[in-house]
Student: 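One structure, pasted below without further comment.
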Amino acid sequence: MKRVIGVVSLAVAAGLSGLAEAQVLKSVRDRGALHCGVSQGLPGFSNPDDKGNWTGFDVDFCRAIAAAIFNDPTKVKFTPLSAGDRFEPLRSGQIDVLSRNTTWTSSRDALFNFVGVTYYDGQGFMVRKALKVNSALELNGASVCAQTGTTTELNLADYFRANNMKYEVVAFGTADETIKAYESGRCDAFTTDVSQLFAEKLKLSNASDHVILPEVISKEPLGPLVRHGDDQWFDLVKWVHFAMLNAEELGVSSKTLDEALKAKQPEIRRMLGLEGSHGEQLGMTRDWVVRIVRHVGNYGEVFERNVGTSSKLGISRGLNRLWTKGGIQYAPPIR
Amino acid sequence: MTKTAFYNKPRFRSAVYQLAVLAVVVWLAIEFAINARVNLEAQNVRFGIGFLDDPAGFGISQALISYSEQDTYRRVFFVGLLNTLLVSVLGIVFATFLGFVIGLGRLSPNWLLARLAGGYVELLRNLPLLFQILFWYLAVLLAMPGPRQSIAIGLQPILRSIADGLALVESSGAAGAVAQWLRSLAEWAGSPSMFLNNRGMFVPRAVFADGSGLVAAAFVVAILAVVGLRRWARRRQDATGVRFPVLWTSLALLVGLPAIATLAVGSPVSFEAPELRGFNFVGGLRVIPEFTALLIALSTYTAAFIAEVVRAGILAVPKGQSEAAMALGLRRGTALRLIVIPQALRVMIPPMTNQYLNLTKNSTLAVAIGYPDLVAVFAGTTRIQTHQAIEIVAITMAVYLAISLATSFAMNLYNARTRFGER
Ligand SMILES: N[C@@H](CCC(=O)N[C@@H](CS)C(=O)NCC(=O)O)C(=O)O
């Protein structure tokens, strides 16, 4: 039903409205809240806590945008969306940004603007240890549970075809349905992006009975996206991401922020708005990065807190280390 | 009498108004479509159904026509449509049968039977359908053992377990001897070729070799013969009152003719049994648990409503009718079949149509358990992968509308046939 409403409102919006005007920032300011689409409950990425507050890596990205605009990370209205229902709300203007482990692909980029890659990922498999399978190449003839409407089901088909293996895919609409079916034994393997394998594993009653296989079968650059047609908004959201990376690179964290405000290093002074008016050029205030780092933290802090080795998920940074530390996270300079 | 000007005639007026309304509706629709197209193009979304020829790229767990990932979205549409029709048609058949049994049971003079039927209706129709589907899927079918511990269905395991039971009671003596005999019988029965596990139900599949045509032809001839026989028997009974054992003769024809043909051409039909290989059973015919769960839930749920329709229909027939039938010396069952039900059908068909339409529409809950119906694979997966939301939702709605109209049409035809000549 929700889906039908989504599509109908999309159709109505397309049929009745004039061209969507490039004014997302203004309407966000006017309504006093950012509308952000996230997933429906993925520990570490977007998950409501006991009090109903949304937490997680994807959630924090929206909080950072709100911090930059309102100096208040709580001014966000989160809309949980399944994989299948995530794009129409963005197209129809129901949400301003979609921050929901969404893979940047050419066909999606043709319709939306991806602001960058907040998490470099790839697709993997989880199986029961009891199966004694050590490699994805041993999965010939297996039943695999996957979520529909994802790049996951497409990569799965490609991988088995390329390796001349047979498989059966059982596709569900939500993450909970998928993992439940896998746990009940309907499938031999569960497949999704590796980061989500870690997250979903936490939902299993006996997590230690399951292992994640070593193969990574695809490129899954995950990032937030916005609608076409509003360059100002696109730039703003993009630079919130870059600001968090630059802050980490320059050693500015929520803990060192007050010291950093006294720093002499020109790059730091520019970033924190002590010199120049870079925030204003992007439609924000001069101290935009200060706001982001104070309320949410830099990229590394957000990663560690939500999904890193000290969190429940325990994912190592890997590709998501800064380029200066052997990873591929790299942001253009603020100047 | 003054002549009214033509533009004051009610018929003319109403025609004008209707035309005006129609014109406005058409104009709005065209305006809407053009505007949608312009806006979507501005957002770089293509408009139209050209995407149907693109390769889909994803797998589907159940397809009645051959399907692979390289096939087009058009093929996905048909795969989904057939899956929807399969579960709906079978669901309607089962629900009708079960509904009749329960509806009649509820009216039965047998107190226990009536209460059981009443309990069934109250329980099933008051629990949300989605809940029932999930129950059958997660709590029943996925609770089956895994492929390696599959439940084998067949004579052999049954005989063996009886033998084991007997041997427990008394290992020597008469029971022991019977157990021994049962064991050898089990050996003779051969290993079972039907299996049940959390991946579904696996049964042997008929493989047709040369000469199968003759067997099929024999079957068709048998069916025609049965139809003819029934007509002849009825006519003879109407004329002379002499009855003919139609049921037994029909069964003999239906089984006998194909059997003779099979022997004549030397068993052209063989069976391929499923066997455990690797992760699961391969070969044979497989019924996936998503299908079974949906079918059971839809049939049992709808049967509760149909039972009430049947009960209402029968109670609507004046009591005098069955009393008159009894007075003529008809047995209860015969009176029901020949006198009451034909009259009850008149009342039952319109609400029955509603139930059939509901069942078909309720089958879209398939998404929740991963059954690949039209909504799951077309309005779901295809819509997301192609981003052609407006076209796909429009097509899907049109398909459900068409299925519903076809069902109503068929039921109306039937309704017209069951109507008595007005007396
Ligand atoms: N990155 C892939 C897959 C994203 C995805 O939806 N993954 C699932 C797999 S667990 C998920 O996050 N589900 C959470 C939900 O539906 O709320 C894509 O963009 O298509």
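Model, not experiment: these values are computed from the prediction. A, B, ... follow the sequence lines: proteins, then strands. Residue 1 opens every chain.
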Student: Just checking A:K129: does its NZ atom have more than 12 heavy atoms from other residues, nucleotides or ligands closer to it than 6.0 angstrom?
Tutor: yes
Student: Does the plane of the ring in B:F58 sit parallel, tilted or perpendicular to the ring in B:Y73? Use 30° and 60° as the thresholds.
Tutor: tilted
Student: Between B:F378 and B:F77, what is the ring plane arrangement, given parallel below 30°, perpendicular above 60°, and tilted in between?
Tutor: perpendicular
Student: Checking heavy atoms, do the side chain of A:R161, its backbone, both or neither come under 4.5 Å from chain B?
Tutor: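 Interface part for A:R161: side chain.
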Student: Below 4.5 Å from any heavy atom of chain B, which atoms of A:A171 appear? Answer side chain, backbone, both or neither.
Tutor: backbone
Student: Could you walk me through whether A:R186 and A:E168 pass salt bridge (charged side-chain N to carboxylate O under 4.0 Å, His left out), step by step?
Tutor: CA-CA 11 Å; A:R186 175 64 181 86; A:E168 171 203 40; 3.2 Å; yes
Student: Evaluate the ring planes of A:F190 and A:Y182, with Trp represented by its six-membered ring, and classify them as parallel (under 30°), tilted (30 to 60°) or perpendicular (over 60°).
Tutor: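 A:F190 and A:Y182: tilted rings.
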Student: Please state whether the side chain, the backbone, both or neither of B:L142 comes within less than 4.5 Å of a heavy atom of chain A.
Tutor: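 Interface part for B:L142: both.
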Student: Check whether A:V144 gets within reach of chain B through its side chain, its backbone, both or neither, counting any heavy atom under 4.5 Å.
Tutor: neither
Student: For A:E138, is it the side chain, the backbone, both, or neither that has a heavy atom closer than 4.5 Å to a heavy atom of chain B?
Tutor: backbone
Student: If I measure from the heavy atoms of chain B, does A:Y167 come under 4.5 Å with its side chain, its backbone, both, or neither?
Tutor: side chain
Student: With a 4.5 angstrom heavy-atom cut-off, is it the side chain or the backbone of A:A146 that approaches chain B, or both, or neither?
Tutor: neither
Student: Check each atom of A:L156 against the heavy atoms of chain B and say whether the ones under 4.5 Å are side chain, backbone, both or neither.
Tutor: neither
Student: Can you tell me which portion of B:I60 sits under 4.5 Å from chain A's heavy atoms? Options are side chain, backbone, both or neither.
Tutor: backbone
Student: Between A:T150 and chain B, with a heavy-atom cut-off of 4.5 Å, which part of the residue counts as in contact: side chain, backbone, both or neither?
Tutor: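 Contact with chain B: backbone only.
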Student: Are a donor atom and an acceptor atom from the side chains of A:W104 and A:D109 found within less than 3.5 Å of each other?
Tutor: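 Present: a donor and an acceptor within the cut-off.
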Student: With a 4.5 angstrom heavy-atom cut-off, is it the side chain or the backbone of A:C187 that approaches chain B, or both, or neither?
Tutor: backbone
Student: Contact part of B:Q62 toward chain A, heavy-atom cut-off under 4.5 Å: side chain, backbone, both or neither?
Tutor: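 Nothing of B:Q62, per the 4.5 Å heavy-atom cut-off to chain A.
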Student: Tell me, side chain or backbone of A:N140 under 4.5 Å from chain B's heavy atoms, or both, or neither?
Tutor: backbone
Student: Check whether A:E153 gets within reach of chain B through its side chain, its backbone, both or neither, counting any heavy atom under 4.5 Å.
Tutor: both
